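Following: one structure in structure tokens, then a few remarks.
Each chain gets a letter, A, B and so on, in the order the sequences are listed, and its residues count up from 1. Quick caveat: nothing in here was measured; it's all calculated off a predicted structure.
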Amino acid sequence: MSNRVVNVLAAASVAGLMFTLFGMSAGTAGAADPAEQVKDRQQTMKKLGGGMGAVAKFVKNEGATAEDAAKGAEAVLAVSKMDPKKIFPEGTAVGVADSAAKPELWKNWTEAQKYWSAVQPAAEKLDAAIKGGDRAQIAQALGATSKTCGSCHEDFRVKKN
Amino acid sequence: MRRVLTAAALLLPLAFAGGSARAAGEAPPNGAANDAVSRGAYLFNAAGCLGCHTDEKGGGQPLAGGRALATPFGIFYTPNITPDPVNGIGRWSDADFIRAVREGVRPDGAALFPAFPYASYTRMTDRDLLDLKAYLLSQPAASTANKPHDLTPPFSWRFLVPAWQWMYLTPGPVPDDPARPAAWNRGRYLVDALGHCAECHSPRTQLGGLDADRYLAGNPQGPDNDKVPGITSSKTKGKGIGGWSDGDLALFLEAGLTPDGDVAGGAMGEVVRNTTSKLTADDRAAIVAYLRTVPAKE
């Protein structure tokens with residue numbers, strides 16, 4: 001019982017800390033220079049990819065534990081809840097630092113936003129599947145989440161060399 | 001618990017099934033249906049017809065053509081392959097269809113430009129070609145007129161295409177290699193005939209033929225001038241998939257997810273969406289089995 005309370009408290013404080021950190025970085029993003037914003041985006045995408053990769057490793061049975069997968073899904077879910085305007089501020093298209101975002105992303109912002117908002121429900125299902133523990137369902141949810149990432153990469157990301 | 005996990009793993013779409021006895025050029029049963037149209041639907045996905053023959057971005061009807069393919073030789077506009085009798089293939093006979101896809105010759109006798117990957121599709125069996133035709137003819141017709149290509153001479157000179165064909169086209173299916181397992185033969189058929197992977201993943205000569213010495217070794221100047229990575233058995237990043245596990249490859253083909261958690265975009269994202277995600281797990285495993293044996297090119 002007391003263990004549980006400690007855990008909840010710890011989780012709450014970690015969440016609080018992350019919120020503060022995130023809040024701060026979001027607060028400074030407005031004033032940050034575009035190159036910095038591109039770097040921020042790359043960090044965000046890395047976090048997203050790290051989360052996806054962890055779930056994938058679990059699905060492939062390549063050394064990740066269920067706990068790793070759960071953490072991965074949480075990271076994906078957390079990023080999916082971010083405001084796309086903060087991740088993709090205007091003026092950070094290809095040409096700025098090593099940005100890989102096509103200018104079309106801003107020209108078709110409504111579509112891009114639609115793509116982005118499809119990630120969260122998929123990530124929620126992924127999170128739920130991992131909590132459910134059924135590997136086949138996790139694999140399916142992982143594929144579905146990948147698809148939501150892919151639609152945006154297909155239309156709005158320049159080819160990585 | 002462990003047993004439950006193992007059982008669940010067997011149900012995974014990623015699970016690898018053992019070898020099967022069917023010949024390479026024979027569509028697997030698609031669910032319960034096993035008529036020409038259903039088999040053709042599977043082949044249609046495996047051959048990736050939809051992507052190039054649909055102007056998705058321009059809001060074109062499926063298979064009505066008009067998609068621009070930017071290549072080093074100019075811009076090709078894909079034709080209408082719906083059953084429309086005037087602008088599509090509605091009036092084509094079985095022989096017309098086989099000749100077009102296998103030999104790159106239109107019903108009126110003119111040569112087709114090799115942007116249409118008939119140098120790969122030529123390996124399709126008669127039965128698969130006719131199943132594919134049955135499927136195409138079951139689709140809604142669109143009267144969209146075909147748009148002329150915008151090519152740079154001499155590549156725009158259609159009368160030169162037969163010379164190209166003489167150099168780069170070896171018509172007809174390739175017999176199965178009896179020394180190899182069925183899965184390998186099936187994988188080769190999926191990679192070389194249906195999937196036409198080499199069309200983007202191999203470099204081209206100055207005349208636009210596939211460079212056979214650099215088979216699947218990557219293409220510095222792929223479609224839309226994108227750099228296309230190699231997919232030989234090389235372990236070097238960007239040159240091959242030798243460093244990927246079977247699970248990595250199966251998951252990539254199924255969901256576009258790379259080992260580092262990235263998701264494919266661009267042309268390969270489209271291939272995953274339209275083709276490899278729609279194959280059976282057996283067929284994806286066959287592709288992997290075959291790619292493992294492609295000699296490394298650095």
Side-chain angles (χ1 to χ4, degrees), chain A residues 42 45-66 72-73 75-76 79 100-102 104-105 108 111 115 119 122 126 129 132-161, chain B residues 1-2 4-16 51 56-57 200 218-229 237-238 244-274 276-278 281 284 288:
Chain A
Q42 286 165 345
M45 291 298 167
K46 221 168 243 171
K47 186 178 163 190
L48 193 55
M52 294 292 283
V55 182
K57 260 197 185 133
F58 175 70
V59 166
K60 288 181 283 189
N61 222 339
E62 287 179 355
T65 62
V76 174
V79 173
K102 288 186 186 172
E104 282 80 3
L105 189 147
N108 303 299
E111 201 185 359
Y115 285 157
V119 181
L126 179 64
D134 181 323
R135 256 187 219 240
Q137 264 179 30
I138 298 169
Q140 203 173 26
L142 179 66
T145 311
S146 301
K147 251 180 218 157
T148 65
C149 305
S151 51
C152 198
H153 291 176
E154 209 182 291
D155 285 0
F156 300 128
R157 183 170 72 172
V158 299
K159 180 88 182 166
K160 296 204 297 185
N161 285 325
Chain B
M1 182 60 184
R2 194 175 185 90
V4 172
L5 276 183
T6 314
L10 288 175
L11 296 172
L12 272 185
L14 307 171
F16 285 73
E56 205 178 36
K57 296 269 151 66
C200 288
N219 184 355
Q221 222 185 353
D224 292 329
N225 278 319
D226 279 343
K227 204 172 150 183
V228 184
K237 210 178 167 196
W244 292 39
S245 71
D246 285 356
D248 289 341
L249 289 165
L251 188 59
F252 179 76
L253 293 174
E254 187 187 349
L257 198 61
T258 65
D260 61 2
D262 193 4
V263 178
M268 194 61 204
E270 188 185 314
V271 170
V272 171
R273 176 162 56 88
N274 285 336
T276 57
S277 67
K278 294 185 173 166
R284 280 192 290 268
V288 174

Quick one: pull up CD in B:E56 and CG in A:D155 and give me the separation to the nearest 0.5 Å. 8.0 Å

Rounded to the nearest 0.5 Å, what separation is found between the NZ atom of A:K46 and the CG atom of B:D262?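 Rounded to the nearest 0.5 Å, the NZ-CG separation comes to 11.0 Å.
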
Any residue meeting salt bridge (charged side-chain N to carboxylate O under 4.0 Å, His left out) with A:E104, in chain and number order, not counting sequence neighbours: none

Nearest heavy-atom contact between A:S146 and B:V263 is O-CG1, 3.3 Å

Considering all heavy atoms of both residues, which atom of B:A255 and which atom of A:G143 are nearest to each other, and what is their separation?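 So the minimum-distance heavy-atom pair works out to CB-CA, 3.7 Å.
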
Please determine whether side-chain contact (heavy atoms from CB on, under 4.5 Å) holds for the pair B:E270 and A:E154, giving the CA-CA distance in whole Å, both sets of side-chain angles, and the decisive distance to 0.1 Å. CA-CA 7 Å; B:E270 188 185 314; A:E154 209 182 291; 3.7 Å; yes

Please enumerate all residues that pass side-chain hydrogen bond (donor to acceptor under 3.5 Å, both in side chains) together with B:D248, with sequence neighbours excluded.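 Testing B:D248 for side-chain hydrogen bond (donor to acceptor under 3.5 Å, both in side chains), a comparison that skips the adjacent residues, returns A:K60, B:S245.
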
